[in-house]
Amino acid sequence: MSKLDARKKVLIIEDEKNLARFLDLELSHEGYETSVEGNGRAGLDLALGQDWDIILLDLMLPDLNGFEVCRRIRKEKTTPIIMVTAKDSVLDRVAGLDDGADDYLVKPFAIEELLARLRALLRRSETSQQKQKAEQQQIVFRDLIIEPQTRTVIRGNEIIQLSKREASLLLILIENANTVVARDDLLKNVWGYHEEVATNVVDVYIRYLRNKIDRPNRRSYIQTVRGTGYVMHS
């Protein structure tokens with residue numbers, strides 16, 4: 001098991017005691033933190049009451065079946081769900097996926113397949129979460145708000161769209177605020193040594209950037225340090 005999966009929390013909602021015990025032991029041995037519930041309604045309460053990295057959900061449960069449990073979880077959470085069931089008809093699989101399940105595993109199954117599906121689903125979930133987090137991030141510098149994912153700068157009521165190079169230049173200068181960044185360092189980080197570019201390309205793109213973000217008749221955000229590079233003062 002990779003370190004990425006270590007101590008992930010898995011909720012097992014399964015009323016077949018032998019299978020639930022088997023899953024509990026196997027997943028615990030693999031390093032997952034597990035909890036087991038054999039009742040549909042109690043499993044739903046547990047699913048909604050705590051944060052889980054993944055839920056293994058049986059369909060045939062007492063009090064509340066797995067389809068309904070899945071639907072109610074989906075109304076409130078995006079926790080990945082694998083339905084585990086003896087029902088293998090196409091209609092059952094479609095119904096489970098339509099109700100919000102992310103994967104469907106038919107009993108009996110090999111534990112190796114379940115572990116592989118767990119890892120794959122957790123990777124997708126983590127990638128999605130990281131993407132959402134990055135998209136939500138904003139960088140505030142003086143009166144500029146920068147959204148790195150969309151390469152957008154907001155200045156007051158004005159929305160300014162940057163090119164990929166312009167955005168990279170701006171972010172590097174902001175990350176090194178109050179420090180002079182040499183032209184060679186900008187060239188290396190934005191264009192890379194493997195690209196053949198003119199020696200004055202940094203100056204050209206700084207000019208492009210200034211034309212977009214600077215206010216008329218005001219001092220530029222980006223200051224030139226003659227013979228060295230550029231600096232942005234906070």
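Heavy-atom basis, side chains included; hydrogens, waters and symmetry copies ignored. Everything quoted here is computed from the prediction, not taken from an experiment. Throughout, numbering of the chain's residues begins at 1 and tracks the sequence.
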Q) Would Val106 and Arg93 satisfy side chain to side chain contact (heavy atoms under 4.5 Å, CB included), going step by step from the backbone distance to the final call? A) CA-CA 9 Å; Val106 178; Arg93 295 188 189 204; 3.4 Å; yes

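- Under a cut-off of 6.0 angstrom, the local environment of CD1 in Ile139 is crowded, with over 12 non-hydrogen atoms contributed by other residues, nucleotides or ligands.
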Q: Determine, stepwise, if the pair Phe67 / Met83 fulfils side chain to side chain contact (heavy atoms under 4.5 Å, CB included).
A: CA-CA 9 Å; Phe67 290 120; Met83 282 190 170; 4.1 Å; yes

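- A salt bridge links Arg71 with Glu68; the closest basic N to acidic carboxylate O contact falls under 4.0 Å.
- With hydrophobic clusters built from ILVMFWY side chains whose heavy atoms lie under 4.5 angstrom apart, Tyr221 does not share a cluster with Val231.
- By the rule that hydrophobic residues join a cluster once side-chain heavy atoms approach within less than 4.5 Å of another member, Ile159 and Ile213 end up as members of separate clusters.
- The CH2 atom of Trp191 sits 6.5 Å away from the CZ atom of Arg165 when rounded to the nearest 0.5 Å.
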Q | Criterion side chain to side chain contact (heavy atoms under 4.5 Å, CB included) on Ile206 and Leu173, from CA distance to verdict | A | CA-CA 11 Å; Ile206 289 289; Leu173 290 169; 4.0 Å; yes

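- With rounding to the nearest 0.5 Å, the separation of CG in Leu44 from CZ in Arg72 is 6.5 Å.
- At least one side-chain heavy atom of Arg117 sits under 4.5 Å from a side-chain heavy atom of Leu105.
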Q: Report the C-alpha separation of Tyr32 and Leu122 in whole Å, then their side-chain angles, then the decisive distance to 0.1 Å, and conclude whether the side chain to side chain contact (heavy atoms under 4.5 Å, CB included) test is met.
A: CA-CA 12 Å; Tyr32 294 96; Leu122 286 169; 3.8 Å; yes

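- Between Arg74 and Asp102 there is a salt bridge, with a side-chain nitrogen of the basic residue lying less than 4.0 Å from a carboxylate oxygen of the acidic one.
- Residue Leu170 holds its CG atom at 10.0 Å from CD of Glu175, rounded to the nearest 0.5 Å.
- Gln161 places a side-chain N or O within 3.5 Å of a backbone atom of Arg151 that can act as its donor or acceptor partner.
- Counting heavy atoms from C-beta on, the side chains of Asp92 and Tyr104 come closer than 4.5 Å.
- Here the shortest heavy-atom pairing between Leu19 and Lys107 reads CD2-CE, 3.5 Å.
- At distances below 3.5 Å, not a single donor-acceptor pair connects side-chain atoms of Lys8 with backbone N or O atoms of Ile54.
- Linking Ile, Leu, Val, Met, Phe, Trp and Tyr residues whenever their side-chain heavy atoms come within less than 4.5 Å places Tyr205 and Ile160 in a single cluster.
- Taking 4.5 Å as the limit, every side-chain heavy atom of Leu23 sits out of range of all side-chain heavy atoms of Thr34.
- Here CG of Asp143 is found 12.0 Å from CD1 of Ile154. Values are rounded to the nearest 0.5 Å.
- Of the possible donor and acceptor atoms, one in the side chain of Trp52 sits under 3.5 Å from a partner among the backbone N and O of Leu46.
- The backbone N or O of His233 sits less than 3.5 Å from a side-chain atom of Arg142, completing a donor-acceptor pair.
- Linking Ile, Leu, Val, Met, Phe, Trp and Tyr whenever their side-chain heavy atoms come within less than 4.5 Å puts Leu57 and Leu59 in one cluster.
- Looking at Asp103 and Arg124, no side-chain N of the basic residue comes within less than 4.0 Å of a carboxylate O on the acidic one, giving no salt bridge.
- Judged by distance alone, the side chain of Ser125 and the main-chain N or O of Leu121 form no donor-acceptor pair under 3.5 Å.
- Side chains of Thr79 and Leu11 form no contact here, defined as non-hydrogen atoms less than 4.5 Å apart.
- At least one donor-acceptor pair under 3.5 Å links the side chain of Glu37 to the backbone N or O of Asn39.
- Residues Asp15 and Gly38 come closest through the heavy atom pair CB-O, 3.1 Å.
- Considering CZ of Arg215 and CD of Glu158, their distance stands at 7.5 Å, rounded to 0.5 Å.
- Proximity of a side-chain donor or acceptor of Glu14 to a complementary backbone N or O of Glu16 within less than 3.5 Å is detected.
- Between the side chains of Tyr230 and Asn176, no donor N or O sits under 3.5 Å from an acceptor N or O.
- Distance alone, capped at 3.5 Å, is enough to place a donor-acceptor pair between the Lys77 side chain and the Ala47 backbone.
- Note that SG of Cys70 is 11.5 Å distant from CG of Leu64, once rounded to the nearest 0.5 Å.
- Using a 4.5 Å cut-off on side-chain heavy atoms (C-beta onward), Val84 and Ile13 make no contact.
- With hydrogens and angles disregarded, a donor-acceptor distance shorter than 3.5 Å links the side chain of Arg210 to the backbone of Ile222.
- By the rule that hydrophobic residues join a cluster once side-chain heavy atoms approach within less than 4.5 Å of another member, Tyr208 and Leu169 end up as members of one cluster.
- Between Ser220 and Asp214, the shortest heavy-atom contact is OG-OD2, 2.7 Å.
- Across all their heavy atoms, Val225 and Arg183 have their closest contact at O-NH1, 4.4 Å.
- Inter-residue side-chain proximity for Val204 and Arg207 is flagged as met; some heavy-atom pair is nearer than 4.5 Å.
- No donor-acceptor pair under 3.5 Å is formed between the side chain of Glu113 and the backbone N or O of Ala110.
- For the pair Asp58 and Thr85, the minimum side-chain heavy-atom distance is below 4.5 Å.
- No side-chain heavy atom of Leu144 sits less than 4.5 Å from a side-chain heavy atom of Ile174.
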